[in-house]
Amino acid sequence: MMIETQNLCKTFRDFWRRPVVEAVKRLTLSVDHGEVFGLLGPNGSGKSTTLKMLLGLLHPTSGSIRVFGKNPQDVTVKSRIGYLPEVSHLHEFLTPRETLMYYASLFGLPRKAAVRRTNELLEMVGLTHAADRAVGRFSKGMARRVGLAQALINAPELLILDEPTSGLDPIGCREVKDLILQLTQNGVTVLMTSHLLADVEDVCARVAIMDKGALCAHGQIRDLLRNPDVIRFSVQGLSGDDATAVRTIIEKHVGYPVQQDYPEMSLEAYFLNVVNRDASQKAFDVAPFLREQ
């Protein structure tokens, strides 16, 4: 397992050590190698506190937490993690190129490797044209792309993404989701949070839902969303009359009315078709962004 918590708790206290907020309550979950895991919940549910404990930025009050089988406070663990916070606090006077070179130096990358990786990441996130402009003048979406590139600078084995598509247009969202899937197909584990549940459905195999610090539900998305009382048949090429005849036969067999409708594409797919940008077909070369074994 890449991540494992057992009865994880975090209580915030005031100056006199009195408990103020029990942000996380006995959280037990695990994230397997190479999967995309979604951590969901409303604001104040404990998601960000959990992520900070996984990153070693907060100490748990009780319970255990292991990342790569080690304490997340271990520096060797931190070097194998990429992190995109919900808000990218970038140095406004630096350019994207300078920002990535700066973070590469923090990870100890040789200059030649840092330059190559910076150029590759700038191309991947579509910022080559703005590589030498100060990020302080960037839109939220462009700043988000810089943040995503920064999260990949160290070729992480575990990628933690807090609202990764926040501020991006539909095309940018699709590109980020495709990138996440490509990374996991090459062995990178992704833990992500998002309030855009459609994005979660597109990329996550498993999810955990938190509320008021507690784990409310978790499991495979297809199992959680399945309605066992309804079976839908999809038949291509039927005329309206043929569909009515088939529906009549089924109604006679089951003894009650059967609903007939037409399958719909998602609004995202329709938008991409309208603007003639089938982003789902874009192939990413993720090899430069993977850690060498």
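The first residue in the sequence is number 1, and the count goes up from there.
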When every non-hydrogen atom of S88 is compared with those of G147, the smallest separation belongs to OG-CA, 4.0 Å
Here the gap from R117 atom CZ to E120 atom CD, rounded to the nearest 0.5 Å, amounts to 7.0 Å
Hey, are the side chains of Y83 and L54 touching, using non-hydrogen atoms and a 4.5 Å cut-off?
no
Next on the checklist: Between I171 and E175, does the side chain to side chain contact (heavy atoms under 4.5 Å, CB included) criterion hold? Intermediate values first, please.
Outcome noted: CA-CA 6 Å; I171 295 173; E175 290 175 350; 3.7 Å; yes
* Does the side chain to side chain contact (heavy atoms under 4.5 Å, CB included) test come out yes or no for T49 and M53, once each step is laid out? -> CA-CA 6 Å; T49 300; M53 288 190 285; 4.1 Å; yes
(Q) Working note: T76 + D74, criterion side chain to side chain donor-acceptor pair (under 3.5 Å); need CA distance, chi angles, decisive distance, verdict. (A) CA-CA 5 Å; T76 61; D74 192 322; 2.7 Å; yes
Do side-chain atoms of E163 reach the backbone of E86 as a donor and acceptor pair under 3.5 angstrom?
no
To the nearest 0.5 Å, atom CZ of R133 lies from atom OG1 of T95 at 11.0 Å
(message) Given 3.5 Å as the limit, does a donor-acceptor pair link the side chain of E251 with the main chain of P257, or not?
(response) no
Of D178, I180, L179, the one forming a side chain to side chain contact (heavy atoms under 4.5 Å, CB included) with V176 is I180
**Request:** Kindly determine whether H195 and K47 satisfy side chain to side chain contact (heavy atoms under 4.5 Å, CB included), including the steps that lead there.
**Result:** CA-CA 11 Å; H195 291 300; K47 304 188 305 298; 3.9 Å; yes
Is it true that L225 and V200 fall in one hydrophobic cluster, defined by side-chain heavy atoms closer than 4.5 Å?
yes
Decide whether L197 and I221 are clustered together by the hydrophobic rule: side chain heavy atoms of Ile, Leu, Val, Met, Phe, Trp, Tyr closer than 4.5 Å, transitively. yes
Partner of M2 under side chain to side chain contact (heavy atoms under 4.5 Å, CB included), picked from L191, T189, I81, is T189
Joining Ile, Leu, Val, Met, Phe, Trp and Tyr whenever any side-chain heavy atoms lie under 4.5 Å apart, the cluster holding V115 also takes in M101
N154 (side chain) donor-acceptor with S79 (main chain) under 3.5 angstrom: yes
field: Stepwise side chain to side chain contact (heavy atoms under 4.5 Å, CB included) test for Q260 and V246
entry: CA-CA 10 Å; Q260 178 181 329; V246 171; over 6 Å; no
Cluster membership besides M1, Ile/Leu/Val/Met/Phe/Trp/Tyr side chains within less than 4.5 angstrom, sorted by chain and number, is none
Nearest heavy-atom approach of F37 to C204 is C-SG, 4.0 Å
Note: P156 and A151 closest approach over all heavy atoms is CG-O, 3.6 Å
In this structure, OG of S166 is separated from NZ of K140 (nearest 0.5 Å) by 3.5 Å
**Q.** Side chain proximity check, L159 to L152, heavy atoms < 4.5 angstrom
**A.** yes
Review point. Do V203 and L196 share a hydrophobic cluster (ILVMFWY, side-chain heavy atoms under 4.5 Å, transitive)?
Key: no
Is any side-chain heavy atom of P72 less than 4.5 Å from a side-chain heavy atom of L55? no
Are more than 12 heavy atoms, taken from residues, nucleotides or ligands other than H218, located less than 6.0 Å from that residue's NE2 atom? no
Check: K10 side chain, H59 main-chain N or O, donor-acceptor pair, under 3.5 Å
yes
The reported gap from OG in S30 to CD1 in I3 (rounded to nearest 0.5 angstrom) is 9.5 Å
Paired with R206, the side chain to side chain contact (heavy atoms under 4.5 Å, CB included) test is passed by just one of D32, L29, D223, L224, namely D32
Under a 4.5 Å cut-off applied to non-hydrogen side-chain atoms, are T99 and T118 in contact? no
Practice prompt. Give a yes or no answer on whether the side chain of T28 reaches the backbone of Q6 with a donor-acceptor pair at less than 3.5 Å.
Written response: no
Minimal heavy-atom distance between P42 and M210, with the atoms involved, is CD-O, 3.4 Å
Students should find that the hydrophobic cluster of F233, defined by side-chain heavy atoms under 4.5 Å apart, otherwise consists of I231
**Prompt:** More than 12 foreign heavy atoms under 6.0 Å from CD of E92: is that the case here?
**Reply:** no
Residues passing the salt bridge (Lys or Arg N to Asp or Glu O under 4.0 Å) test with D132, sequence neighbours excluded, are R97
Rounded to the nearest 0.5 Å, the OG1 atom of T5 sits from the CZ atom of R26 at a distance of 11.5 Å
| message | Would you say F68 ends up clustered with V75 if hydrophobic residues are merged whenever their side chains have heavy atoms under 4.5 Å apart, either directly or through other cluster members? | response | no
Salt bridge (Lys or Arg N to Asp or Glu O under 4.0 Å) filter on R66, not counting sequence neighbours, yields none
Do T193 and D162 pass the side chain to side chain donor-acceptor pair (under 3.5 Å) test, and can you show the C-alpha distance, the side-chain angles, and the key distance before you say yes or no?
CA-CA 5 Å; T193 71; D162 197 353; 2.5 Å; yes
When L127, V146, L100, L148 are each screened for side chain to side chain contact (heavy atoms under 4.5 Å, CB included) with L121, the one that passes is L100
Handout entry: Test item: R80 and V67 side chains (from C-beta on) under 4.5 Å apart, heavy atoms
Key = no
Heavy-atom nearest pair, V125 first then R145, reads O-NH1, 2.9 Å
Rounded to the nearest 0.5 Å, the OG1 atom of T11 sits from the CZ atom of R18 at a distance of 15.0 Å
Residues joined to L94 in its hydrophobic cluster, side chain to side chain under 4.5 Å directly or through other members, sorted by chain and number, are F93
Tightest non-hydrogen contact, residues G141 and L168, listed as O-CD2, 3.4 Å
Is the shortest side-chain heavy-atom distance between P164 and K177 below 4.5 Å? no
Quiz item: If we only count heavy atoms from C-beta on, is the M142 to V135 side-chain gap below 4.5 Å?
Solution: no
Counting only heavy atoms not in K25 (residues, nucleotides, ligands), do more than 12 fall under 6.0 Å from its NZ?
yes
Discussion item. Does D199 form a side chain to side chain donor-acceptor pair (under 3.5 Å) with T165? I'd like the steps, not just the answer.
Written reply: CA-CA 8 Å; D199 289 348; T165 57; 2.8 Å; yes
Same cluster (ILVMFWY, side-chain, under 4.5 Å), V87 and L39: no
